[in-house]
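These numbers come from the heavy atoms of this one structure, side chains and all, not from hydrogens, waters or symmetry mates. All figures in this text were calculated on a predicted structure; none of them were measured in a lab.
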Amino acid sequence: MFNFHYRLERYSIRFAILVVIVASIGGFVEIAPLFTIDETVEPAPDMRVYTPLELAGRNIYIREGCYACHSQMIRSLRDEVERYGPYSLAAESQYDHPMLWGSKRTGPDLARVGGKYSDYWHVVHMNNPRDVVPESVMPSYRWLGRNELEPADFDLHLRAQQKVGVPYTDEMVANAINDLSGQANPDGKRAEGVLARYGEATNIRDFDGDPTKVTELDALIAYLQILGRLTEVAHQNPVMKKLEGPK
Amino acid sequence: MVGQLTVNERKLAFLILILIAVVGLAMAITGADKLFVVHGLIIFLSALGTIFLVISGYFLPPPDIENAKHYYDDPTRAGIIIAMVWAVFAMFIGDWVAWLLAFPEMTFDAAWASFGRLRPVHTTGIIFGFGGNALIATSFHVVQRTSRARMPDNLSPWVVIFGYNLFCLLAVSGYFIGITQSKEYAEPEWYADIWLVIIWVTYFILYLRVLARRKEPHIYVANWYYMAFILVVAILHIVNNLAIPISLMHAKSYSAFSGVQDAMTQWWYGHNAVAFFLTAGFLGMLYYFLPKQAGRPIYSYRMSIVGFWGITFFYMWAGSHHLHYTALPTWVQTLGMTFSAMLLIPSWIAAGNALMTLNGAWHKVRDDATLRFMMVAAVFYGLSTFEGSFMAIRPVNALSHYTDWTIGHVHAGALGWVALITFGAIYALVPWLWKQKRMYSPKLVEVHFWLALSGTLIYVFSMWNSGIIQGLMWRTYNESGTLAYSFVQSMVEMHPYYIARAIGGLFFLIGAIVGCYNIWMTVRSARMLAGAPEFETPDLGIASAQEIKAGEQA
Amino acid sequence: MNFEHEMLVGFAKSYGLFYLLALSLLVLVYTYWPSNKKPFDRAARSIIDDEDRPWE
């Protein structure tokens, strides 16, 4: 009877199937419940989706590999909460396809960097980080300010996001290309559409200080300025309130 | 190369390449974004170049019957050389980015030369370019020898090698120009991922076909590890890369998963890429080449079986230790931690088994740098698996995560284990395959060994130091109960260690270049001797094999 | 949805353990079953004397 394994190996396909079964169980047990649980992602009724410009900025963040040195996940440890702000909740990255939690902090965590610095600071910093932080080892990203954003097919991006489950409305998809440049042109007519679709609190600014064109730098700064500000849920977290203590 | 294909295989190769070229051309013509067009062109030109290669040998006389009576080793030879080319390229990039962290101005205002784009070039080049090609090449060698059966055809192994390297090329060129999914160690976009699935299925079927032809009833344990590597990597790759492209004419896609589910899926993938790509596959290498080079059977075959099932089972649970204290549910974190601790058992079984095999052969380890490569690899395997289990413990992870300690740990594994066992296997394999008594210069193997070992130690020690300093500085409080150091202060402290690390990496790179030279000279002298009578089998191991046979009869 | 989740976690926590124990037991029994010693020893040695060409 214990020739079972021996016979098993003689038929290499059966052996292969056994390996697959044995190996799959761990992943299944850990991953499957994450899709069924309600509590994994806590409700965040005030959560909004990324605007087209912010999403474009996020794609630049991905393209340049920023996630290799900057995390976007504040752990529930005292020092991290004091350094970076309330610890990250699952809800905050629920529309992040893919997530950018990161694995290394060569530079600081960026989960709550939105609003921490001015647009101008970011412009200078991206142009040459050592102008604002002399010790910085970050590369200069001057090409971002030179490259104009290519909005031609941005409705396709929103359509794909819709398909993977981000609640973009058809109206948002239809207006994606207009909204993309509208958000960086505060005086233009298209800005109103952005506010109507994405909420009054949306940042409508010429982020890179160059009103003549919409650049990749506009998009990236728009994205950085919204990090940690899509929902207030992390600040209202009762555990967090206790940690922060009476003010 | 083409001369060994049968006429039908040449036709088939021609057809396959035409098909690939057409797909590449279609991508280039219809592509809606520039980057997609570039990749279309790369596919087209790779196929076109290979078509010329096939045509140049198309009218050679077909191979004689003798060819079918020998193992088919040309793909292995090619795979080894390609692996070494990737090694030098990716180690150079690795060392370059190491210097960038010390001197960030070296980006020259060029997007392709910035840290964020070069870093995946380094990781992909090493893991998939160097590691993957070495695994494929050695697996072809091992599966034929241990099955005592030849490749079922001459074309499939070439399809695997060509297709796999095309994937690596798409991946690496993509990062330079700005195509990435951002999923660590799974950065290539959807079309490259689909292509890899096709190649991987071909590889798996080829492997099964060799096994099906085997004359040995028992499948030698090294093949189990190689099989687990092929199979599980396929599962991981498919699941983690599920994504929706924005259109079939764009490079960009969006992952099917988001947030916490994506994080768990990604690190389930990431950790098991370490397990089944960088561990199981290379253990297959170890279990064949170490006993062979030492001329002694593995210390305990049974332990290798227990270890195999242990690794296959435990590893899959451990991924969540990458997400301690995050928004991942705590029970999943605990599960990951527990299994990570248990993983130490099968890991040390393998490391111990390898070292015990050398008992009685320590004089060979002293004299033969090739065997010493493998021995030190086993030691580093033991060390880094211990370190890995240790770092998976939540409170330890609280300190180590996000710091350079992780980088040190990874490189203890990647340099000390993966690269050293690979160099050992290659130094063993090159003389066998090119029918030489030994490498061109055993002295240079020795030089490579010491460069590699000292480079690894410098690297790992500097990262341990910097990582722990970083971790401690981030969580140090002063007397008034506020954080003692700013982030920038911790960064300034890293500078000397970053330089030390880059020097360690440089040692390792120089060692690899020395290795390339040595391999090249060995191949060259083999070619010059091509007219002379060939050596039948490598000397190593034969004497002991006869001893064992005599022992059996007695 | 919730029911499903509890079921899944429950399954993971209970049967996961039994599965683990049973699997270890199976592997150990198989590995150390006395009659399996011979083929294993043979396999371990078989690589040392592999020849230059496949068996006919």
CA sep, side-chain torsions, deciding dist, call: B:E187, A:I62, side-chain contact (heavy atoms from CB on, under 4.5 Å) = CA-CA 10 Å; B:E187 291 95 345; A:I62 288 172; over 6 Å; no
Residue [X] versus chain A: region with a heavy atom under 4.5 Å:
X	value
B:L236	neither
B:N397	both
B:R119	side chain

What's the spacing between [X] [atom1] and [Y] [atom2] if we round to 0.5 Å?
X	Y	atom1	atom2	result
A:Y67	B:E184	OH	CD	6.5 Å
A:L100	B:K183	CG	NZ	10.5 Å
B:T326	A:L89	OG1	CG	11.0 Å

Counting C-beta onward and ignoring hydrogens, is there a side-chain heavy-atom pair between [X] and [Y] closer than 4.5 Å?
X	Y	result
A:R105	B:W474	yes
B:S182	A:Y61	no
A:V19	B:F308	yes
A:K104	B:H401	no
B:F115	A:V137	no
B:F487	A:Y84	yes

Taking only residues two or more places apart in sequence or in another chain, which ones pass side-chain contact (heavy atoms from CB on, under 4.5 Å) with A:L77?
-> A:R75, A:D79, A:E80, B:Y325, B:A398
Any donor and acceptor pair, going by atom type alone, linking the side chain of B:D262 with main-chain N or O of A:M99 inside 3.5 Å?
-> yes
Checking side-chain contact (heavy atoms from CB on, under 4.5 Å) for the pair A:S103/B:H322: CA distance, chi angles, key distance, verdict?
-> CA-CA 8 Å; A:S103 57; B:H322 289 254; over 6 Å; no
Option that, when pairs with chain B are counted at under 4.5 Å, heavy atom only, ranks first among [options]:
options	answer
A:P139, A:A160, A:A68, A:P98	A:P98
A:S88, A:S71, A:S140	A:S71
A:Q161, A:M138, A:K163	A:Q161
A:S93, A:P108, A:G107	A:P108
A:E82, A:E135, A:R159	A:E82

Name the member of [options] that forms the most heavy-atom pairs with chain A at distances under 4.5 Å.
options	result
B:T312, B:T476, B:T107	B:T312
B:A228, B:A263, B:G178	B:A263
B:S258, B:S486, B:G116	B:S258
B:G270, B:A111, B:A102	B:A111

Look at A:R146 together with B:D109 and state whether they make a salt bridge at an N to O cut-off of under 4.0 Å.
->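 Result for this pair is yes, salt bridge flagged.
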Heavy-atom distance under 4.5 Å to chain B: side chain of A:C66, backbone, both or neither?
-> neither
Would you kindly check if the NZ (Lys) or CZ (Arg) of A:R78 is within the cone defined by 45 degrees around the ring axis of B:Y477 and under 6.0 Å from the six-membered ring centre?
-> yes
I'd like a table of donor-acceptor pairs (distance under 3.5 Å, sequence neighbours excluded) in which one partner is a side-chain atom from residues 149-157 of chain A, with atom names and distances.
from, atom 1, to, atom 2, distance (Å)
A:D153, OD2, B:H250, NE2, 2.5
A:H157, ND1, B:Y254, OH, 2.9

